[in-house]
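Following: one structure in structure tokens, then a few remarks.
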Amino acid sequence: MAAVAPARRTKRRSVPVGRILLLGFFLLFVLWPLYWMFNTSIKPSDDYLTVPPVWFPTAPTLVHYEAALFAYRGLDGLINSLIISLSATVLSALFGTLMAYSLARYNTGGQHLSFWVLSQRFLPPIGIVLPVFLIYRGVGLYDTHIGLIIAYTVFTLPVSVWMMFAYFRGMPKSMEEAALVDGCTRWEAFWRVAVPLAAPGIVAAAVFAFIACWTEFFFALILTSRTAFTLPTVFRAFIGFQGAQYGEAAALAIVSLVPSIALGVLAQRHLVRGLTLGAVRG
Amino acid sequence: MQYTATISRMKAAGAPPRLSGFAQWADRHFKWLLVAPAVLLILALSIYPLLFSLVVSFINYDFQVPGHAFVGLKNFERVVFDPVARWSLLLTAWLSGVSVAIEFVLGLLVALTMVRGFPGRGVIMSILIVPLFISPVIVGQAWTLLLQRPFGPTNYILTQLLGQEVTIGWMTEAPWLYASLIIADVWQWTPFMFVILLAGLTAIPPNLYEAAELDGVNAWQAFWAITLPHLAPMMLLALTFRLLDAIRMFDTIFIMTGGGPGTRTYTASYYLYTVGFTQFHLSQATAGSWLFLVFTALVVTLLVRRLLKAEPV
């Protein structure tokens, strides 16, 4: 096989110029805004409006990071984002795994229940957030960490449930059945046998839940104000600016995108399942 | 291997353990207890608010006016006959349609270049998916930095490339600001199409292409005869998922144009947000969001249900 194949291939394979150009162009398109944002974040304010623009800052500075984190309360937003995203992630992964196991192994509620959960994923947030805002004001959850944690848990549940649903369906039942035969309760078969085996799937689901919470803006915009505001909402301070805060906006963006990109790239093996709610195995 | 350890522990403990009354009850209703927390949470924070907003949309709900008088369909009428509402719905359909179409074509082209292995593919893959993990707010911010006059370098680059002075108001002038919003959306979501379509492409058995090659079929014919039919379900899935997210478009608009100039870049979500939270016509906003919800629900039931049902995994 191996001896025959190369001869065939080399005849047809010339340098694919079109492909390289397309891929190169697209890579540039992806990287360029990121580079410019980084460049802006370390550029002294004097370099903002020069013609031609300063492509490589010669005197990099961290003043914008300092201002973004402290003067614009970016650090408070960062801490709030961490608390809220981590809490919601844990709850979502936990409740999502519980429900997914029941759906996968006991077919609980048939297709109606699973599709009901799925449909929640496609509800436009504007339809939910208005009444939630009114309810939260009534019960004192407006602008609290708990309030946003609950909202984020619910908003990430459909993805957690469906990712884990697909994961459990792809896992052989035999070990849990053996455990049941040997006298385990259903809970033990789930908690001690199925959950450890599904750990990689649970971690992947949790990573995507975390990224979803970390990058979420709309709920945070409406359900928080001075206390529980998250990192993305801090960017409101830079809207309509006239030149003075470009660096601060860029610096805060860099701080905010590092954790979610790092996690996302680490979990990229599960990306296709995450994006399609488990419908497609990557 | 934990399961063997568990089982041997159970065996060592002797006969099946005696369960207390509660444990027996819990074991019998096990499957319902597992779904209970998630279902209760969704009921409390999604279904109850939806019902509540249905009530709100039939009454007068205003922070200034005490009492909630029943007003029938008045709130719905106000939305339906508001030209801004109609404009925003139209713009939502138009913007999301164009963005998703560009993302689809570009994503497919890039996926086709990445099907076969080559040195550096892993690194390139990791770079290409980065936009998916960035908050749309930051994406809007990044493109604002590139496009906004006089700071952004885009006009300067275009001037150099075209050899004539370019002074486009990317964030303020009518056709260009739509282009800006679409570019930001395309930048963030083309990787979505790319990742899903690539998964679909790599799942096509390579021997189909080898057989076609032996039969003297050229690459273009192979694409129409093999790639397209095999990829079709995946294309439909990617398009549906993306479209359902695209019609919510809000964050980039909030950051980049603020809906302006005037109401030129109002999308459905942005319109409902301003009605509810800057004008405080909460009843009108909930009525409008119910209309939008019904609209989305129709799309969901028509497309998503059928898509996922067929997939046994």
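Chain letters run A, B, ... following the sequence lines, proteins first and then strands; every chain starts at 1. Note that the coordinates shown come from a computational prediction; the quantities given were computed from them, not determined experimentally.
Using a 4.5 Å cut-off between heavy atoms, L198(B) does not touch chain A at all. V35(B) touches chain A through backbone and side chain together, each having a heavy atom under 4.5 Å away. Residue V56(B) touches chain A through its side chain alone, counting heavy-atom pairs closer than 4.5 Å. With a threshold of 4.5 angstrom between heavy atoms, V39(B) approaches chain A through its backbone and through its side chain. Neither the backbone nor the side chain of L33(B) has a heavy atom closer than 4.5 Å to any heavy atom of chain A. Neither the backbone nor the side chain of I247(B) comes within contact range of chain A; no heavy atom of the residue lies under 4.5 Å from a heavy atom of that chain. In this structure, chain A has heavy atoms under 4.5 Å from both the backbone and the side chain of S126(B). Using a 4.5 Å cut-off between heavy atoms, L263(A) does not touch chain B at all. With a 4.5 angstrom heavy-atom cutoff, M234(B) touches chain A only via side-chain atoms. Contact of Y273(B) with chain A is made through backbone and side chain together, with heavy-atom distances under 4.5 Å. For I134(B), the parts sitting under 4.5 Å from any heavy atom of chain A are the backbone and the side chain alike.
Between F217(A) and F235(A), the distance separating the two ring centers is not shorter than 6.0 angstrom.
A cation-pi contact, defined as under 6.0 Å to the ring centre and within 45° of the axis, is absent between R28(B) and F30(B).
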